[in-house]
Number of protein chains: 2
Amino acid sequence: MENSQKALVLLRQIIRSTDMQVKEISSRTGLTPPQLMVMQTLRESGQLTSGELAKEIVLTQATVTSILDRLEKKELVARERGTNDKRKVWVSLTDEGADLMKGAPTTQQDIFLRHFDDIQDWEQSMVVASLERVAFMLNAQHLNAAPVLDIGQLDREQNEDLEI
Amino acid sequence: MENSQKALVLLRQIIRSTDMQVKEISSRTGLTPPQLMVMQTLRESGQLTSGELAKEIVLTQATVTSILDRLEKKELVARERGTNDKRKVWVSLTDEGADLMKGAPTTQQDIFLRHFDDIQDWEQSMVVASLERVAFMLNAQHLNAAPVLDIGQLDREQNEDLEI
DNA sequence: ATTATTTAATTTGTAATGCAAACAAATACT
DNA sequence: AGTATTTGTTTGCATTACAAATTAAATAAT
């Protein structure tokens, strides 16, 4: 098999594997995948406004609002109106929410890290370098998307958005 | 930053990038992500029964049924009752559906491949080896989490190639 | 052969995403 | 002041996703 084909198959395996882990952690915590994503983001970033949260996980504000409604009802997150700018709504994990996230959710990373730490130093560097390569190729692909595709469909898609 | 942390961040980038590409292709083809996944699977595997399809994309039959309902209404897939075993329902792309999938959907791979082909041979090998490493680490992690996965399935899936 | 069990897919009912559009409130701009 | 923009919510709608119940067909058991 070609190297390129191998790479694609492996990528798909990685994606799928990660996806299934997300589902597993979700069911273990009693959260849906989007809810889990919100919780993880909050754990990492601490306090965020609803809008920042939406941007971070690439969903509409409306969608995030409804997700937060349910998490708030479960008392896993708390909303607090900004005192300075009263339009803003600051969202954070409650103690209960932080507790929940302390348990299962890290396991995904933990087990990966345990394996990762087991391999040789040079191999770690190799893996990182390769992932950088792949990320770049995928990312370039995203930034390039419109010009190359040009399926003649509707929009022209200006690609000014850069991130990393 | 630690190698392991770098690896995790990169992995997340890769996942996110892929996710956004899926969304992009979806909106371009006028399909939802799950619908796209069904279409892609059908394009690859040709004719499948509803149940095989569900297993392949890891969703319930009930869910697949409703997705197929909509794809059938758009005349992108066709359902045909099995003549031999009349319980089975064979699903396949219509000409229209195949046409739609001929356009954008492959581009994801195409652009990646173009970049991939550009890099040196030794680097390709390195990337593949690294992805194998990562896939293994993620996989082991998954197998750890869900101890035993239904042995009955393995019997039935002797013809299946890459399933984890 | 008749009954029971299993298999394959659908139907039903319910919760949750996800978005666009409309909306309200606070802030910024001129 | 008066208008525009930002921030978040609400509303309405299509879709996903699943469990449980259901239908129909095939297979097993007695």
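Naming: A, B, ... by sequence-line order, numbering from 1 per chain.
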Measuring only between side-chain heavy atoms, which start at C-beta, is A:Arg12 closer than 4.5 Å to A:Ile15?
no
For the residue pair A:Leu31 and A:Leu76, establish whether any side-chain heavy-atom pair is separated by less than 4.5 Å.
yes
Of residues 74-84 of chain B, the positions that come close to DNA chain C - non-hydrogen atoms, cut-off under 4.0 Å
B:Arg79
So, with a heavy-atom separation below 4.0 Å from DNA chain C, the residues of residues 50-64 of chain A are A:Leu59, A:Thr60, A:Ala62, A:Thr63
Base, sugar-phosphate, or nothing for B:Thr49, non-hydrogen atoms under 4.0 angstrom?
sugar-phosphate
Go through the structure and list residues passing side-chain contact (heavy atoms from CB on, under 4.5 Å) with B:Ser66, not counting sequence neighbours.
B:Arg70
Which atom of B:Glu56 lies closest to which atom of A:Arg16, heavy atoms considered:
O-NH2, 2.6 Å
Ignoring hydrogens, what is the shortest heavy-atom contact between A:Ser17 and B:Leu138? Give both atom names and the distance.
OG-O, 3.5 Å
Please report the distance, rounded to the nearest Å, between [atom1] in [X] and [atom2] in [N].
| X | N | atom1 | atom2 | result |
| --- | --- | --- | --- | --- |
| B:Lys86 | C:dT10 | NZ | P | 17 Å |
| A:Leu71 | C:dA15 | CG | P | 17 Å |
| A:Asp69 | C:dG18 | CG | C1' | 14 Å |
| B:Glu72 | C:dA9 | CD | C1' | 13 Å |

State whether B:Glu80 and B:Lys86 are salt-bridged, where the test is any N-O pair (Lys NZ or Arg NE/NH1/NH2 against Asp/Glu carboxylate O) under 4.0 Å.
no
With a 4.0 Å cut-off on N to O distance, would you call A:Glu24 and A:Arg28 a salt bridge?
yes
Going by side chain to side chain donor-acceptor pair (under 3.5 Å), name the residues that satisfy it together with A:Asp69, two or more places apart in sequence or in a different chain.
A:Arg79
Review item, nucleotides 28-30 of chain C N/O atoms under 3.5 Å of protein N/O:
none

Does A:Leu8 share a hydrophobic cluster with B:Ile14, counting links as ILVMFWY side-chain heavy atoms below 4.5 Å and allowing steps through other members?
yes
Compute whether any side-chain donor of one residue and acceptor of the other, for A:Lys74 and A:Gln35, lie under 3.5 angstrom apart.
yes
First and last nucleotide of DNA chain D, 5' to 3', lying under 4.0 Å from heavy atoms of chain B:
D:dT15 to D:dA26
Give a yes or no answer on whether the side chain of A:Arg43 reaches the backbone of A:Met101 with a donor-acceptor pair at less than 3.5 Å.
yes
Is the CD atom of B:Glu75 crowded by more than 12 outside heavy atoms at less than 6.0 Å?
no
Give a yes or no on whether B:Gln47 atom CD has more than 12 heavy-atom contacts from other residues, nucleotides or ligands under 6.0 Å away.
yes
With nearest nucleotide decided by heavy atoms, which residue, A:Arg70 or B:Lys88, maps closer to the 5′ end of DNA chain C?
B:Lys88
